[in-house]
Number of protein chains: 2
Amino acid sequence: MGKQRQVASDAGLSKQRVVVEAVRLADREGVDGLSMRRLAGALGAGAMSLYHYVASKEELLDAMIDVVFEEIELPPEETDWQSAMRRRAVSARQVLARHPWAIGLMESRTTPGPANLRHHEAVTACLRRAGFSVLMATHANWLLDSCVYGYALQEATLPFDTADDFADMAEDAYLPQLPPDQFPYLNESAAALVAAGYDPAEEFMFGLDLVLAALEPLRASA
Amino acid sequence: MGKQRQVASDAGLSKQRVVVEAVRLADREGVDGLSMRRLAGALGAGAMSLYHYVASKEELLDAMIDVVFEEIELPPEETDWQSAMRRRAVSARQVLARHPWAIGLMESRTTPGPANLRHHEAVTACLRRAGFSVLMATHANWLLDSCVYGYALQEATLPFDTADDFADMAEDAYLPQLPPDQFPYLNESAAALVAAGYDPAEEFMFGLDLVLAALEPLRASA
DNA sequence: ATAGTACAGCGTACGACGTACAGCGTACGA
DNA sequence: TCGTACGCTGTACGTCGTACGCTGTACTAT
């Protein structure tokens with residue numbers, strides 16, 4: 001027995017490698033498919049070996065969330081505040097769409113990781129430099145994050161991804177469940193949206209732009 | 001052996017009773033504390049008895065989400081659209097604060113239950129009657145729901161509940177982790193907000209009112 | 001060269017989980 | 001009186017997180 005070459009890797013383990021592989025596994029199979037044994041298997045290691053790098057599965061999940069935050073673009077400093085906020089919000093939404101499990105995990109983990117904190121600092125900095133007061137910057141922060149999380153959550157619960165999927169879904173599975181006399185407005189909406197080639201992916205930009213525009217006059221230096 | 005009086009109830013089981021008790025248990029102990037065995041115990045029954053009323057735990061979770069939707073107030077019909085939407089949004093936020101586990105569950109369950117559909121229909125009806133076009137009503141729906149879910153999620157991840165908790169938390173646990181040279185803006189915010197007796201519970205109303213005001217001019221009949 | 005120590009990784013075991021399956025006692029129609 | 005259907009349950013299986021104690025290797029001090 002003894003140390004031997006791993007099948008899935010060219011080197012020993014590390015917290016970094018463990019967490020990154022965990023994110024990949026969760027992306028592929030969902031959080032429910034992520035077990036310490038399966039993760040260890042993917043790393044070519046024994047289950048208990050992981051506990052040399054992570055104190056518990058809880059800590060692993062915390063670290064995974066922080067990896068997700070690391071992927072989100074920080075607001076660029078060289079543009080106006082609206083463009084900067086739009087960029088980082090769009091990036092955040094993309095990242096959350098790539099890792100849908102993350103949104104469901106956040107509810108239960110209450111201690112922000114370093115990447116999360118760095119992110120928060122950068123966003124606050126951008127807002128303050130744009131002329132928002134401390135209190136107003138806090139408001140804006142909450143509101144913008146609510147948009148990101150809210151839309152991400154709603155998109156995650158949608159049973160379809162693209163405009164075409166939506167059309168198929170609506171006609172095949174959704175509408176037949178909705179008797180028109182009980183749900184006249186939902187029927188009206190579904191019919192009209194399918195006819196217009198509606199794409200739910202555009203919803204986010206509508207909300208984000210509306211919020212950004214509404215925040216603009218609340219800057220002290222506006 | 002045979003049928004005998006249950007300890008926790010005065011009658012036999014039913015899907016209703018099972019699901020309601022599951023919600024109670026989740027409220028008390030969190031989703032992770034909700035197991036079929038413990039739920040059965042709380043109902044004074046054997047674990048496998050539950051499967052006569054729910055096909056699987058997945059179905060139980062779906063049903064629990066729908067119970068949550070049932071608790072949310074529908075928009076009243078006799079007022080202007082803004083008041084109606086504000087009422088139901090506030091109600092939704094309260095309900096989600098009462099059942100924090102619900103927000104984390106939604107990500108994974110993609111089929112809306114009857115209460116969810118009824119709710120959606122009522123909100124859409126309110127918006128359409130207020131003069132929003134089909135497309136604009138859809139936009140408004142997404143945006144308002146994003147607010148509700150987004151704020152609910154952020155509040156759930158906060159490690160404190162009240163303004164006093166916030167002050168204690170910030171000074172004892174949060175700030176010491178944030179070196180002022182790395183996180184100048186977060187330090188500034190925390191200090192200023194603690195001094196002002198900041199209460200995060202007020203955030204939601206700020207975002208909601210801002211969004212409602214920004215939607216107002218988008219009505220066709222405005 | 002030798003002994004000692006630290007460390008990365010693993011095998012086994014335990015209690016709890018979701019649930020398939022094969023019962024059980026009771027109530028009721030014939 | 002008997003059958004049969006129904007509400008309910010105990011047992012068992014595979015999987016989960018993880019406590020514990022053991023390996024073999026690498027490095028340090030002598």
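We name chains A, B, ... by the order of the sequence lines, and we start the count at 1 in each one. Keep in mind it's a predicted model, so treat the numbers as computed, not measured.
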**Student:** Among the candidates D:dG17, C:dC17, D:dC20, find the nucleotide nearest to the side-chain atoms of A:Arg37.
**Tutor:**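 Minimum distance to the A:Arg37 side chain belongs to D:dG17.
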**Student:** Could you give the CG-to-P distance, from B:Leu34 to C:dT19, as a whole number of Å?
**Tutor:**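 Whole-Å distance recorded here is 12 Å.
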**Student:** If I take atom NZ in residue A:Lys57 and atom P in nucleotide D:dC16, what distance separates them, rounded to the nearest angstrom?
**Tutor:** 9 Å
**Student:** Expressed in angstrom and rounded to an integer, what is the separation of B:His52 atom NE2 from C:dG23 atom P?
**Tutor:**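 Answer to the nearest Å: 15 Å.
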**Student:** Under 4.0 Å between a side-chain N/O of A:Ser35 and OP1 or OP2 of D:dT15, yes or no?
**Tutor:** no
**Student:** If I take atom CG in residue A:Leu13 and atom P in nucleotide C:dC7, what distance separates them, rounded to the nearest angstrom?
**Tutor:** 17 Å
**Student:** Can you tell which of A:Glu203, A:Glu73, A:Glu155 makes a salt bridge (charged side-chain N to carboxylate O under 4.0 Å, His left out) with A:Arg93?
**Tutor:** A:Glu155
**Student:** Are any of the side-chain nitrogens in A:Glu59 or A:Arg109 under 4.0 Å away from the carboxylate oxygens of its partner?
**Tutor:** no
**Student:** To the nearest Å, how far apart are A:Leu50 CG and D:dC16 P?
**Tutor:** 13 Å
**Student:** Given atom CD of B:Glu58 and atom P of C:dC17, what is their separation to the nearest angstrom?
**Tutor:**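 Taking CD of B:Glu58 and P of C:dC17, I get 17 Å after rounding.
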**Student:** Can you label the angle between the A:Trp142 ring and the B:Tyr151 ring as parallel, tilted or perpendicular, going by 30° and 60°?
**Tutor:** parallel
**Student:** Taking the six-membered ring where the residue is Trp, are the ring centres of A:Tyr149 and B:Tyr149 under 6.0 Å apart?
**Tutor:** no
**Student:** Using a 3.5 Å limit for the pairing distances, which stems of at least 3 consecutive Watson-Crick or G-U wobble pairs does DNA chain C take part in?
**Tutor:**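 When the pairs of DNA chain C are grouped into runs of at least three, the stems are C:1-30 with D:1-30.
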**Student:** Could you tell me whether the side chains of A:Ser146 and B:Gln154 share a donor-acceptor contact shorter than 3.5 Å?
**Tutor:**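 Their side chains do contain a donor-acceptor pair, which is all the 3.5 Å distance test asks for.
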**Student:** Report the distance from atom CZ of A:Arg24 to atom CD of A:Glu29, rounding to the nearest 0.5 Å.
**Tutor:** 12.5 Å
**Student:** The side chain of A:Met36 lies closest to which of these nucleotides: D:dT18, D:dT9, C:dT19?
**Tutor:** D:dT18
**Student:** Would you say A:Asp32 and A:Trp101 are linked by a side-chain donor-acceptor pair, where the criterion is simply a distance under 3.5 Å?
**Tutor:**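 Not at all, the side chains of A:Trp101 and A:Asp32 share no donor-acceptor pair under 3.5 Å.
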**Student:** Rounded off to whole Å, could you give me the CZ-to-P distance for the B:Arg38 and C:dG18 pair?
**Tutor:**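 Distance, rounded to whole Å: 10 Å.
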**Student:** Just to confirm, is there a sub-4.0 Å distance from OP1 or OP2 of C:dC10 to any side-chain nitrogen or oxygen of A:Ser49?
**Tutor:**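 Answer is yes, contact under 4.0 Å.
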**Student:** Starting at atom CG of A:Leu39, determine the distance to atom C1' of D:dG17, rounded to an integer number of angstrom.
**Tutor:** 13 Å
**Student:** Judged by each residue's nearest nucleotide on DNA chain D, which is more toward the 5′ side, A:Gly33 or A:Met48?
**Tutor:**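 Whichever sits nearer the 5' end wins; that is A:Gly33.
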